[in-house]
Amino acid sequence: MKEHSLFQQHMKKNSYFYIVLITLVATLGGLLFGYDTAVISGAEGALQAYFTDSLGLSSLVHGITVSSALIGCIIGGFVSGYFASNIGRKYSLVIAAVLFILSALGSAYPEFLFFTKGEPSIALLITFNIYRIIGGIGVGLASAVAPMYISEMAPPKIRGTLVSLNQFAIILGMLVVYFVNYGIANGQTIEWINDIGWRYMFLSEAIPAALFLVLLFTVPETPRYLILKNEDKKAMSVLNRLYEKAVATATLVEIKSSFDKHQGKAKLFSFGKAIVIIGILLSVFQQFVGINVALYYAPRIFESMGAGRDASMFQTIIMGLVNVVFTLIAIFTVDKFGRKPLLIIGSIGMTIGMFGVATMAYTNTIGIGTLIFIIIYTASFMMSWGPVVWVLISEIFPNKIRGQAVAIAVAAQWAANYFISSTYPAMMEISGGLTYSFYGLMSLLSAIFIWKFVPETKGRSLEELESQLVKSNEETQQKGDSKYTHETAYKTN
């Protein structure tokens, strides 16, 4: 493919090391994303004993408590656009870090100031949920802004790899907290865990959150945001850390040009509705294929198909290792093979895996086959839809609307996550085979969606992609051709 971008020219000798360090700081937001969403798994039983059972509340209340952070995730996704566009990508992550710390401390000791320790009440339960929602807002912010930050800092030829590291950090955060929870609970009595242990689990998050906060003050704001705010000198300083002077200057001109074409504040649909809808559907499909059902309910899935409790936990560990290995495959191939091929291959693999699980459920067949099909499914997701969707969402939107468009896409993702996760138990009561068939169908439709509507963005600067999108919209308006798709928008000449 012909290389057009100014970014493809030579970088400074030490700039790769510099950009990797910056990326690793930003991916701590992804690690905390995974940590915060998974920490509840170890504390869930203790919370039920401490709050739900002692207060005589229903399982519905317990379910709301366990999933309350997702409400914050949706809120955080929605407000991320405002923060990213008004205070910047860097300081949006700073706010997320502060929220993580507040949530960790408050969830560990919700009695602070207003309640007596060891005396659960409805008011205390509400306070605990508020702290969990605060953490969820941090997750929503980080899930939107961290990939955006990395995307705007990274050169095109390694942008996919660097953004994919954020997904690896999410998976790593989940694995880390599983071991932390195990270490806290190991050798302790149930009484101690129900009274004290769960508090340490939530408190442990404050350590990586504090590290994230401190390290954020060592990284720069992105050049694109600085130029958006007319701080060209600061933007040039950042670009000079990455590129030789001539290339940095030309890059500055290229970015400024993309903003100058659209004076004032751009509306969400300034570049057409299709690209925004594509971003939203990428997010929705990522959840409707059922991945979080496989992650959240893995032990229950294996138990329902005949595995004992110990065997189901072991099989869940196997799934965790598969997640890590195949996320690494995506990291090392996304900039080589491109976004579309990985997503389509992943969709096909997920379709095979889910329909295989559905067949096992329909025929009530219990055995190693179920584990194999779920591994095929999760491996396919982790090498494609897991990391690559975050890459695309951070790339496809033009500079002027990136903050607000990413916010809407991420909020839609969390809403879809909540919907799929909350409906799984009820769907399973109707039919396990039908439930898994639904996720298989969504996987098949996701392949068709990628093939027909999603652009390839590999190896091209964000400004190049925007330029092609603008050109496409102008040609579409001139031709009035309703069949003109956004795949055309990003084709190179």
Side-chain angles (χ1 to χ4, degrees), residues 18-19 21-30 32-33 75-102 137-155 159 162-163 166 169 209-242 248 251-252 254-256 258-260 262-268 390 393-411 461-463 466:
Y18 177 64
I19 193 65
L21 287 179
I22 290 173
T23 298
L24 290 177
V25 172
T27 57
L28 278 174
L32 285 160
F33 168 170
I75 296 171
F78 269 120
V79 302
S80 65
Y82 173 83
F83 285 110
S85 299
N86 288 277
I87 67 169
R89 287 49 160 153
K90 172 180 174 176
Y91 286 102
S92 294
L93 291 176
V94 168
I95 290 175
V98 171
L99 293 175
F100 284 131
I101 295 172
L102 289 176
I137 295 173
V139 171
L141 270 174
S143 66
V145 181
M148 188 191 310
Y149 179 90
I150 298 168
S151 176
E152 292 189 353
M153 290 297 299
R159 188 174 60 231
L162 295 181
V163 176
N166 192 63
L211 178 64
F212 184 41
L213 178 61
V214 171
L215 290 178
L216 280 172
F217 289 100
T218 68
V219 301
E221 181 55 86
T222 72
R224 288 169 178 84
Y225 176 76
L226 292 171
I227 292 172
L228 175 66
K229 295 301 179 180
N230 296 314
E231 297 187 39
D232 294 4
K233 289 184 178 179
K234 291 183 179 180
M236 190 63 191
S237 176
V238 176
L239 291 170
N240 280 330
R241 291 291 304 272
L242 297 173
T251 299
L252 182 75
E254 184 181 32
I255 297 173
K256 279 185 64 66
S258 74
F259 285 109
D260 292 341
H262 305 278
Q263 295 293 333
K265 186 176 180 180
K267 295 181 179 178
L268 181 63
W390 292 109
I393 287 175
S394 69
E395 292 177 330
I396 62 175
F397 300 120
N399 285 326
K400 276 280 188 176
I401 65 166
R402 184 170 296 123
Q404 53 186 322
V406 168
I408 290 175
V410 170
S461 78
L462 302 179
E463 287 67 41
E466 177 179 328

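The aromatic rings of F212 and F100 are tilted relative to each other, their planes meeting at an angle between 30° and 60°.
Legend: residues meeting salt bridge (Lys or Arg N to Asp or Glu O under 4.0 Å) with K229, ordered by chain and number and at least two apart, are absent.
Minimum interatomic distance between A407 and G81 (heavy atoms only, all atoms of both residues): CB-N, 3.2 Å. Closest approach of A142 and G29 over heavy atoms only: CB-O, 3.8 Å. The nearest pair of heavy atoms linking E152 to P223 is O-CD, 4.2 Å. N86 and Y225 get closest at one heavy-atom pair: O-OH, 3.0 Å.
The shortest distance between side-chain heavy atoms of P220 and Y18 falls below 4.5 Å. Between F217 and V25, every side-chain heavy-atom pair lies at or beyond the 4.5 Å cut-off.
The CD1 atom of I393 sits 7.0 Å away from the CD1 atom of I396 when rounded to the nearest 0.5 Å. In this structure, S80 OG and I137 CD1 are separated by 11.5 Å, a value rounded to the nearest 0.5 Å. Taken from CG in L216 to CD1 in I22, the straight-line distance is 11.5 Å, to the nearest 0.5 Å. Interatomic distance, CG of L24 versus CD1 of I150, reported as 8.5 Å (0.5 Å rounding).
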Can you check salt bridge (charged side-chain N to carboxylate O under 4.0 Å, His left out) on K234 and E221, steps first, answer last?
-> CA-CA 9 Å; K234 291 183 179 180; E221 181 55 86; over 6 Å; no

Would M153 and V238 count as a side chain to side chain contact (heavy atoms under 4.5 Å, CB included) if you check the C-alpha gap in whole Å, the side-chain angles of each, and the deciding distance to 0.1 Å?
-> CA-CA 9 Å; M153 290 297 299; V238 176; 3.8 Å; yes

Under the side chain to side chain contact (heavy atoms under 4.5 Å, CB included) criterion, do L226 and D232 qualify, and how do the steps go?
-> CA-CA 7 Å; L226 292 171; D232 294 4; over 6 Å; no

After noting the C-alpha distance and the side-chain angles of F83 and V94, does the key distance pass the side chain to side chain contact (heavy atoms under 4.5 Å, CB included) rule?
-> CA-CA 11 Å; F83 285 110; V94 168; over 6 Å; no

Walk me through it: do I95 and I87 pass the test side chain to side chain contact (heavy atoms under 4.5 Å, CB included)?
-> CA-CA 10 Å; I95 290 175; I87 67 169; 3.3 Å; yes

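Here side-chain hydrogen bond (donor to acceptor under 3.5 Å, both in side chains) pairs that include residues 139-148, with residues two or more places apart or in two chains, are S143-W414.
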